[in-house]
Number of protein chains: 2
Amino acid sequence: MRKKQSVTIYDVAREAGVSMATVSRVVNHNHNVRPDTKEKVLAVVKRLNYRPNDVARGLASKKTTTVGVIIPNVTNDYFAALARGIDDIAEMYEYNIILTNSDGNSQKEIQALNTLFSKQVDGLIFMTNQLSEMVRKELQTEHLPVVLAGSVDAEQQLPSVNIDYQKAVYAQVNQLIATGNERIAFVADDLELAINKSFRIQGYRDALAHAGIPFRKELLIEARDGNYQAGYRLRHRLVQQQATAAMVSNDELAAGVVNSLTDHGIQVPDQFEVVTSNDTKLTEITRPSLSSITQPLYDIGAVAMRMLTKLMDNEQLTTNNVLLSFGLKARQSTKSREV
Amino acid sequence: MRKKQSVTIYDVAREAGVSMATVSRVVNHNHNVRPDTKEKVLAVVKRLNYRPNDVARGLASKKTTTVGVIIPNVTNDYFAALARGIDDIAEMYEYNIILTNSDGNSQKEIQALNTLFSKQVDGLIFMTNQLSEMVRKELQTEHLPVVLAGSVDAEQQLPSVNIDYQKAVYAQVNQLIATGNERIAFVADDLELAINKSFRIQGYRDALAHAGIPFRKELLIEARDGNYQAGYRLRHRLVQQQATAAMVSNDELAAGVVNSLTDHGIQVPDQFEVVTSNDTKLTEITRPSLSSITQPLYDIGAVAMRMLTKLMDNEQLTTNNVLLSFGLKARQSTKSREV
DNA sequence: GTGAAAGCGCTAACAG
DNA sequence: CTGTTAGCGCTTTCAC
């Protein structure tokens with residue numbers, strides 16, 4: 001066993017001629033220490049290059065100052081943007097983040113939760129496409145602060161930060177209707193996900209209903225996967241359904257749709273309009289660029305983490321389910337450039 | 001202080017009628033336990049829903065089974081891809097990852113290192129654009145296993161996983177020369193970074209020299225920043241230098257260059273060829289898509305993590321500085337579609 | 001304002 | 001194969 005820790009609080013105490021308790025106090029910025037004692041200790045701390053051992057601290061205090069972050073995939077721009085917000089705020093409050101990729105697979109999520117519990121994290125930020133019952137149960141039995149970021153909880157039980165997906169899609173689809181589209185496809189990787197089924201599709205239907213356009217099930221298109229390639233493969237089905245526009249639930253998918261259409265001679269937006277949902281950097285990069293619902297990605301993560309710090313301090317949350325505001329940004333993939 | 005841990009190893013021992021040591025043994029899969037004793041303990045573990053406290057374990061064993069990962073920015077597709085490889089292998093070896101964003105800022109890197117040291121991580125994966133002397137010193141004084149991923153150490157002292165950037169650029173620039181380009185710009189966010197200065201630019205110069213094309217300093221173009229917008233702003237300088245092609249050191253930058261050129265009527269690749277370096281998903285998404293050096297991003301992270309597990313187990317590394325193989329992928333941003 | 005002492009929950013010799 | 005016994009390095013009452 002390699003000896004990692006050379007200088008301990010005990011060494012500092014001895015060298016400074018005080019007790020461990022006193023060293024602990026100055027290291028923890030406790031007020032009840034006489035200024036000169038404090039300086040004396042600090043001098044020794046510096047001379048010995050003492051660095052407190054957080055593991056021992058954690059065991060004694062039952063706080064690890066680390067929070068678990070479960071993310072479907074860091075490689076996904078949407079979630080990565082949230083993760084950045086989370087980490088920045090965590091750092092601000094002196095927490096560290098243990099990041100775990102789950103692929104949105106509830107088995108892996110549960111697995112991750114358990115190791116995180118073992119690690120005694122002080123709290124949890126949970127990102128997922130779908131909160132499974134098993135996960136919810138796991139979360140409830142362990143009495144640990146949790147907040148969902150960019151992830152809906154149909155039951156609204158857990159604290160969360162999102163935008164109003166239903167209203168956002170409603171507004172966006174309205175735009176599509178305004179430019180004359182009647183056969184508007186709704187495209188998602190998985191239609192059964194709560195965020196789609198209970199929110200986005202509702203918004204989509206609301207917009208159609210509002211315009212008196214009949215809802216057609218055939219226009220709900222499922223890609224099975226959320227990446228660029230999956231989107232690229234959707235052209236046939238879109239054409240087959242004679243859709244003239246698509247509301248896509250994720251940017252990579254939308255990029256695939258646009259490129260596939262364009263590559264095969266279908267002009268976007270003239271012959272086909274497409275709008276997307278996540279406002280990641282991809283939206284600016286594609287050509288035509290993607291008109292999109294805009295959402296404060298970084299802030300969703302940041303606010304979630306801020307809420308978590310409050311929960312960890314046993315403070316009361318003013319709002320349990322925060323909805324940050326969204327917008328609509330018209331880019332080149334739609335006809336109506338003005339919003 | 002909320003009491004987090006209800007059932008401890010002591011409770012299990014008492015209930016099972018054995019000693020703590022025995023419980024510890026079965027929980028740690030130690031062989032020296034009689035099968036029936038083991039089952040008896042396991043039954044109690046299950047009944048009481050006992051879960052070992054990793055913090056206590058860490059204090060007693062001096063191993064936390066967590067490694068620190070320093071990343072410039074999770075939001076960067078290149079590093080995010082490595083991070084995914086790192087996390088997967090870490091999970092495979094039962095380690096967790098503490099992820100910290102540094103923005104490639106050495107102040108933040110040092111800050112991060114210190115908190116990671118305090119947390120008693122068992123090892124470190126370091127990703128950075130430039131290994132500063134301060135950081136190197138910090139890394140050396142703390143005698144902790146470290147491996148660099150997708151990050152060069154000019155001194156070749158620290159274990160690392162990369163591709164041969166110099167050869168890759170050499171090969172890629174050769175392609176550009178083969179299609180008749182003589183004024184080839186080299187574009188990077190920061191020309192002084194070791195990876196650019198000591199490797200990529202060398203490869204660039206090698207290729208020029210090999211073809212008897214004089215090197216011109218004016219064709220070394222610095223974007224100051226590595227994002228899409230920065231790339232977009234480069235068009236003027238490229239045109240001003242009468243460049244007919246550009247070897248770009250990062251994909252977002254390259255996407256910006258291509259879009260800016262295209263948006264302003266300069267045809268890519270007919271009037272201007274561009275190649276990029278990182279092989280992120282962006283390369284397929286832009287139109288024209290980006291010809292690029294290909295590199296096994298996920299594997300760079302995965303191999304780095306695998307090396308780290310060996311170091312943490314005090315095993316010897318067969319190679320200290322691993323170079324994974326690269327390739328060249330011709331897409332739409334270059335004339336020569338075949339390689 | 002400071003010290004003494006008792007753990008936090010677990011691992012790791014060392015016996016037996 | 002199993003139990004005993006020290007700690008690991010720090011925080012936290014509780015006295016003084």
Side-chain angles (χ1 to χ4, degrees), chain A residues 1-42 44-45 48-66 115 117-122, chain B residues 1-42 44-45 48-66 115 117-122:
Chain A
M1 208 90 316
R2 178 166 31 98
K3 189 170 169 59
K4 284 182 176 177
Q5 182 94 12
S6 30
V7 22
T8 73
I9 197 174
Y10 178 78
D11 300 319
V12 177
R14 182 171 30 71
E15 289 289 310
V18 298
S19 71
M20 289 165 56
T22 298
V23 177
S24 177
R25 287 189 188 99
V26 350
V27 168
N28 291 300
H29 307 105
N30 190 312
H31 316 293
N32 299 103
V33 183
R34 224 189 316 135
D36 53 318
T37 315
K38 180 172 173 178
E39 281 196 33
K40 191 171 52 177
V41 172
L42 251 18
V44 177
V45 163
L48 264 41
N49 201 257
Y50 167 68
R51 185 190 291 129
N53 178 327
D54 276 351
V55 175
R57 244 212 265 248
L59 184 57
S61 69
K62 300 193 162 312
K63 302 178 78 281
T64 54
T65 63
T66 108
T115 98
F117 292 155
S118 289
K119 285 259 155 82
Q120 312 295 126
V121 295
D122 295 336
Chain B
M1 209 92 313
R2 178 167 32 96
K3 188 169 171 60
K4 283 182 177 178
Q5 181 94 13
S6 28
V7 21
T8 74
I9 197 173
Y10 179 77
D11 300 319
V12 177
R14 180 170 31 71
E15 291 288 311
V18 298
S19 70
M20 289 166 55
T22 298
V23 177
S24 177
R25 286 188 188 100
V26 350
V27 169
N28 291 299
H29 307 106
N30 191 312
H31 317 293
N32 300 104
V33 183
R34 223 192 315 138
D36 54 317
T37 315
K38 181 172 172 177
E39 281 195 34
K40 189 171 54 179
V41 172
L42 251 19
V44 177
V45 163
L48 264 43
N49 201 254
Y50 167 67
R51 185 191 289 131
N53 179 328
D54 276 350
V55 175
R57 244 211 265 247
L59 184 57
S61 70
K62 300 194 161 311
K63 302 178 79 283
T64 53
T65 63
T66 109
T115 97
F117 292 154
S118 289
K119 286 258 156 82
Q120 312 295 125
V121 295
D122 295 336

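Since the model is a prediction, treat every value here as computed from it, not as a measurement. By convention in this document, chain letters (A, B, ...) are assigned in the order of the sequence lines, proteins followed by strands, and residues within each chain are numbered from 1.
- Under 4.0 angstrom from either OP1 or OP2 of D/dT2 there lies no side-chain N or O belonging to B/Ser19.
- Residues A/Gly58 and B/Pro35 both approach DNA chain D. Their nearest nucleotides, taken by heavy-atom distance, put B/Pro35 toward the 5′ side.
- With rounding to the nearest 0.5 Å, the separation of CG in B/Asp54 from NZ in A/Lys119 is 5.5 Å.
- Between B/Lys63 and D/dC8 there is no side-chain polar atom (N or O) within less than 4.0 angstrom of OP1 or OP2.
- In this structure, CZ on B/Arg51 lies 8.5 Å from CD on A/Gln120, to the nearest 0.5 angstrom.
- OP1 or OP2 of D/dG9 has at least one side-chain nitrogen or oxygen of B/Lys62 nearer than 4.0 Å.
- Side chain B/Arg51 to base C/dG9: no donor-acceptor pair is found below 3.5 Å.
- The phosphate of C/dG1 (OP1 or OP2) has a side-chain N or O of A/Asn32 nearer than 4.0 angstrom.
- Backbone-only contact: A/Asn28 has heavy atoms under 4.0 Å from sugar-phosphate atoms and none from a base.
- Within 4.0 Å (heavy atoms only), B/Val18 reaches sugar-phosphate atoms of the nucleic acid but no base atom.
- Remark: A/Lys40 engages no residue in a side-chain hydrogen bond (donor to acceptor under 3.5 Å, both in side chains) (not counting sequence neighbours).
- Of all the heavy atoms in B/Asn32 and B/Asn30, the pair that sits closest is N-OD1, 3.1 Å.
- Expressed to the nearest 0.5 Å, how far CD1 of A/Ile9 lies from OH of A/Tyr50 amounts to 4.5 Å.
- A/Asn53 places a side-chain N or O within donor-acceptor distance of the main-chain N or O of A/Val55, the cut-off being under 3.5 Å.
- Residue B/Thr37 has a polar side-chain atom (N or O) positioned under 4.0 Å from OP1 or OP2 of D/dT2.
- Taking CZ from A/Arg57 and OG1 from A/Thr65, the interatomic distance works out to 7.5 Å, rounded to the nearest 0.5 Å.
- Close to D/dT11, at under 4.0 Å from its OP1 or OP2, lies no side-chain N or O of A/Ser61.
- A close approach under 4.0 Å does occur between a side-chain nitrogen or oxygen of A/Tyr50 and OP1 or OP2 of D/dC10.
- Here B/Ser24 reaches the OP1 or OP2 of C/dT11: one of its side-chain N or O atoms lies under 4.0 Å away.
- Taking five base pairs at each end of the helix from C/dG1-D/dC16 to C/dG16-D/dC1 and finding the rotation axis that steps the C1' atoms of four pairs onto the next four gives two axes whose angle is 30°, to the nearest 10°.
- Within 4.0 Å (heavy atoms only), B/Val27 reaches no atom of the nucleic acid at all.
- Which of C/dC10, C/dT2, D/dT2 sits closest to the side chain of B/Arg34 comes down to D/dT2.
- Remark: A/Thr22 is not in phosphate contact with C/dT2, judged by side-chain N or O atoms under 4.0 Å from OP1 or OP2.
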